[in-house]
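Below, read A as the first sequence line, B as the second, and so on, with proteins coming before strands; counting in each chain starts at 1.
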There are 2 protein chains.
Amino acid sequence: MKVRIIDIAKKAGVSAGTVDRIIHQRGKCSLKAIEKVKQAIEELGYEPDLTARNLALKKVLHIACLIPDPAETEYWSRQIVGIEKAINELASFKVKVDVVLFSARISSFREAYDKVLKMQPNGVVYVPLFFEESKKFADELHQQNIPFVLLNIYHQELNPLFFIGQDPIAAGKVAASLCWMGLKDNKKSILVASISKLHQEYSHIESRINGFLQFFTENGLPEVQIDQFHLEIDENRNDSDYETVFRDYLINSPQIRIIYVPNSRAYRIAYILKKHKINGIMLIGFDTLNNNIKLLKEGYIQFLIAQQSQNQGYHSVIFLFNALFIKNDVKKEHFFPVDILNKENIEFYAGRML
Amino acid sequence: MKVRIIDIAKKAGVSAGTVDRIIHQRGKCSLKAIEKVKQAIEELGYEPDLTARNLALKKVLHIACLIPDPAETEYWSRQIVGIEKAINELASFKVKVDVVLFSARISSFREAYDKVLKMQPNGVVYVPLFFEESKKFADELHQQNIPFVLLNIYHQELNPLFFIGQDPIAAGKVAASLCWMGLKDNKKSILVASISKLHQEYSHIESRINGFLQFFTENGLPEVQIDQFHLEIDENRNDSDYETVFRDYLINSPQIRIIYVPNSRAYRIAYILKKHKINGIMLIGFDTLNNNIKLLKEGYIQFLIAQQSQNQGYHSVIFLFNALFIKNDVKKEHFFPVDILNKENIEFYAGRML
DNA sequence: TTGTATGCGTTATCAG
DNA sequence: CTGATAACGCATACAA
């Protein structure tokens, strides 16, 4: 049958209270008692009953999640869905998970993390969208001894309890391998088209580009010509400006056969290709935004690289809960698969929750 | 605060016992009581505390899993790992999950399902490897009112509580889309090489082939030439026989540029290509067997189509547990993603458990 | 430093 | 048909 605390108490010749103290290292106990209890636990193979523990628990565990506002950047909506699934699943447990959203501005991030610090949570999940401020936040959390999880963007130097996300170098290589396959003609070239907002954390996008380039050098394929086109989005200019610039660039570069967009904005390029009826170009981008999915299905995007964002959101809180509640060890880095999506398999992927 | 059974009992002016009877539809209750309690539940928004329920539960839920022996066919080892993860996670709950293995023979399957029926479980997960016998098993389970889950192979007519696995037609189409991309020269052709054991359930493999062929017709690409080569493995012949036959076939068919293996035995072909130094052929197969992974990494296989078998095993018991224990509804069909793996992204996939 | 008692929310039994 | 009550295994406050 199941081994309970009293069982090991009896075996060790002490009371249940003592066993509890030893298991949780609270209060003082005689060394003799500790010895005997530990041995009894070992021999009988005690495993705590999580449901009983939860029922008896007085205080609730508090987890705070600091995520960019999906109303502003659709990309984050999937992580939120995953977090909400986790919240739902943990409903019967004594955990309270708060989601704090922030806008893609440094000031907003700071406000949000101040708010989180005031909550005095037992654990934090956050997306380090701005490096400097993220560092300050991490320092504060370390000082207050609050374990935290980095979601989606990895900075080892922040030393989180664990990271959960994708390896951007690897993702870039995967994209490159597909491009290489699609490059039927060696005289044609590949364009790396990065479209970014000013001031935003960019390191993982750079890594995706570096990984992409590395693929060709590592595989001894220097003959492949790779151009780069960088567009910085400025709030003051409107979209049609960019469209014109990029269209003209394309028209003047007929050798381009493949376009690689290292972030989630491939749909912008696809839209231009579609509107101006530019054919014969293979487009590959990242993330399952609705627009990307739509244009993938329509055939204007050939591949999307994805990373199971819902799952990442879900597991960021589940793993943290496990670490805090069940107190089991966690892997320091949870690198999620680099998923390859095309017109044919997108249907079974979109909105999938595992 | 949390709404408990006593809270709704008070509100409805009855006792906790009555509320319990109404919630679980056990025993008889007056219509008046039922009305009032249901209304109170509605108004207060009662959600049962799963941990308390579990603690109080007297009887344990019994789930039996009928899976092909992985010692015989490596393919099934991942499902088993997933099932074991689920067992582990449910350790504190009053569930007992038994795994019954069977050999890839009809008689063994029958013995195993007899054993399962004798156990009188509350729910069953099984792989319908042999159709006729699977039908008998399903009939028996229906008669005894034991809900069951079909894992990996789908037969709608068995009418399971739900199916969990991959859509083989879709998987075939995904494979085809990759082949089409890799077919740089229209004069070359594709070979569908199926290697099967006698007497084994073959319908989902056929579907993978059909899906593959459909891709080309549906996309108006009849000019692509597709050959088929079928090898039936006979226990009495040894492996080198097949090797010779296939090698000769290949040597006599220089037009073949791509080989599609609709089951997990691509490594066999890859091995022949490697041994006889046959280059320039793109090979695509299914499933992350160790041999497949090895030859993918070595470059003898270009793509593997996978289906998160661990996850499928894991969720087959988790979802069944949810349906039986928490009594929530389940989707009838859980189609898992058609994952595309190549040399670059395999590292983050193999052995991944979500 | 240690033992004991009470309660967590639910199930299940038993007496009405 | 209904109400009261003893478990379930653990955490915690309090007593010793």
Side-chain angles (χ1 to χ4, degrees), chain A residues 1-38 40-41 44-61 90-96 122 324-327, chain B residues 1-38 40-41 44-61 90-96 122 324-327:
Chain A
M1 249 336 345
K2 173 170 272 182
V3 181
R4 296 157 304 166
I5 278 188
I6 343 183
D7 298 325
I8 72 157
K10 274 179 191 151
K11 173 126 188 169
V14 296
S15 77
T18 303
V19 174
D20 179 75
R21 265 163 241 131
I22 292 170
I23 289 175
H24 292 99
Q25 298 154 36
R26 49 185 163 224
K28 302 274 169 203
C29 292
S30 68
L31 280 172
K32 225 192 294 176
I34 294 182
E35 267 320 303
K36 281 194 295 183
V37 166
K38 287 204 164 171
I41 287 179
L44 298 185
Y46 170 73
E47 289 292 338
D49 182 315
L50 267 25
T51 66
R53 168 179 296 175
N54 182 68
L55 194 60
L57 227 44
K58 285 271 163 45
K59 47 182 181 290
V60 324
L61 198 68
L90 297 176
S92 292
F93 286 84
K94 295 216 170 49
V95 221
K96 188 174 171 315
N122 305 95
L324 264 34
F325 184 86
I326 314 183
K327 295 176 202 294
Chain B
M1 245 341 340
K2 173 171 272 185
V3 181
R4 297 156 305 166
I5 277 188
I6 350 179
D7 298 325
I8 71 158
K10 275 179 190 149
K11 174 122 186 169
V14 296
S15 78
T18 302
V19 174
D20 179 73
R21 264 163 242 132
I22 291 170
I23 289 176
H24 297 294
Q25 296 154 37
R26 50 183 162 224
K28 301 276 170 202
C29 292
S30 68
L31 280 171
K32 227 192 293 179
I34 295 183
E35 266 319 304
K36 283 194 292 185
V37 166
K38 286 203 165 172
I41 287 179
L44 298 184
Y46 169 74
E47 288 292 338
D49 182 314
L50 266 25
T51 65
R53 166 178 298 174
N54 182 68
L55 193 59
L57 229 41
K58 285 273 164 40
K59 48 181 181 292
V60 324
L61 199 66
L90 296 177
S92 291
F93 286 84
K94 295 214 168 51
V95 222
K96 186 173 171 317
N122 305 97
L324 263 34
F325 185 86
I326 313 183
K327 293 175 205 293

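The CD1-P distance, from Ile326(B) to dT10(C), rounds to 14 Å in whole Å. Separating the NZ atom of Lys32(A) from the P atom of dT1(C) is a distance of 13 Å, rounded to the nearest angstrom.
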Between protein and nucleic acid, restricted to nucleotides 6-8 of chain C and to nitrogen or oxygen atoms under 3.5 Å apart, what atom pairs and distances do you find?
unit_1	atom_1	unit_2	atom_2	d
dC8(C)	O2	Leu55(A)	O	3.2
dC8(C)	O2	Ala56(A)	N	3.3

Name each donor-acceptor pair under 3.5 Å that joins a side chain in residues 12-28 of chain B to protein atoms two or more places apart or in another chain, with its distance.
unit_1	atom_1	unit_2	atom_2	d
Ser15(B)	OG	Gly17(B)	N	3.4
Asp20(B)	OD1	Arg26(B)	NH2	3.0
Asp20(B)	OD2	Arg26(B)	NE	3.0
Asp20(B)	OD2	Arg26(B)	NH2	2.9

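Lys38(B) pairs by the side-chain hydrogen bond (donor to acceptor under 3.5 Å, both in side chains) definition with nothing, not counting sequence neighbours. For Lys96(A), the side chain to side chain contact (heavy atoms under 4.5 Å, CB included) partners at least two apart in sequence or on another chain are Val60(A), His62(A), Asp98(A). Every residue two or more places apart in sequence or in another chain that forms a salt bridge (Lys or Arg N to Asp or Glu O under 4.0 Å) with Lys11(A) is listed here: Glu43(A). Annotation: side-chain hydrogen bond (donor to acceptor under 3.5 Å, both in side chains) contacts of Asn54(B) (sequence neighbours excluded): Thr51(A). Remark: Lys2(B) pairs with Asp49(B) by the side-chain hydrogen bond (donor to acceptor under 3.5 Å, both in side chains) rule, at least two apart or across chains. Residues that satisfy the side-chain hydrogen bond (donor to acceptor under 3.5 Å, both in side chains) test with Arg53(A), not counting sequence neighbours, are absent from this structure. Residues meeting the ring-ring contact (aromatic ring centres under 6.0 Å, His included) test with Tyr46(A), sequence neighbours left out: none.
OP1 or OP2 of dT2(C) sits under 4.0 Å from a side-chain N or O of Ser30(A).
Using a 4.5 Å heavy-atom cutoff, the side chains of Phe325(B) and Leu57(B) are in contact.
Chain A approaches DNA chain D within less than 4.0 angstrom (heavy atoms of the protein), and the contacting nucleotides run 5' to 3' from dG9(D) to dT12(D).
Rounding to the nearest 0.5 angstrom, the gap separating the CD1 atom in Ile41(B) from the CD1 atom in Ile5(B) is 8.0 Å. Between atom CG of residue Asn122(B) and atom CG of residue Leu61(B) there is a gap of 4.5 Å, rounded to the nearest 0.5 Å. Cys29(B) contributes atom SG, which lies 12.0 Å from atom NZ of Lys36(B) (distance to the nearest 0.5 angstrom).
Atom NZ of Lys10(A) sits in a sparse spot, with 12 or fewer heavy atoms from other residues, nucleotides or ligands closer than 6.0 Å.
In terms of position on DNA chain D, the residue among Cys29(B) and Val3(A) whose nearest nucleotide sits closer to the 5' end is Cys29(B).
Near DNA chain C, meaning a heavy atom under 4.0 Å from it, residues 13-26 of chain A has Val14(A), Ser15(A), Gly17(A), Thr18(A), Arg21(A) in order of number.
Taken over five-pair windows at either terminus, the axes of the helix from dT1(C)-dA16(D) to dG16(C)-dC1(D) are inclined to one another by 50° (rounded to 10 degrees).
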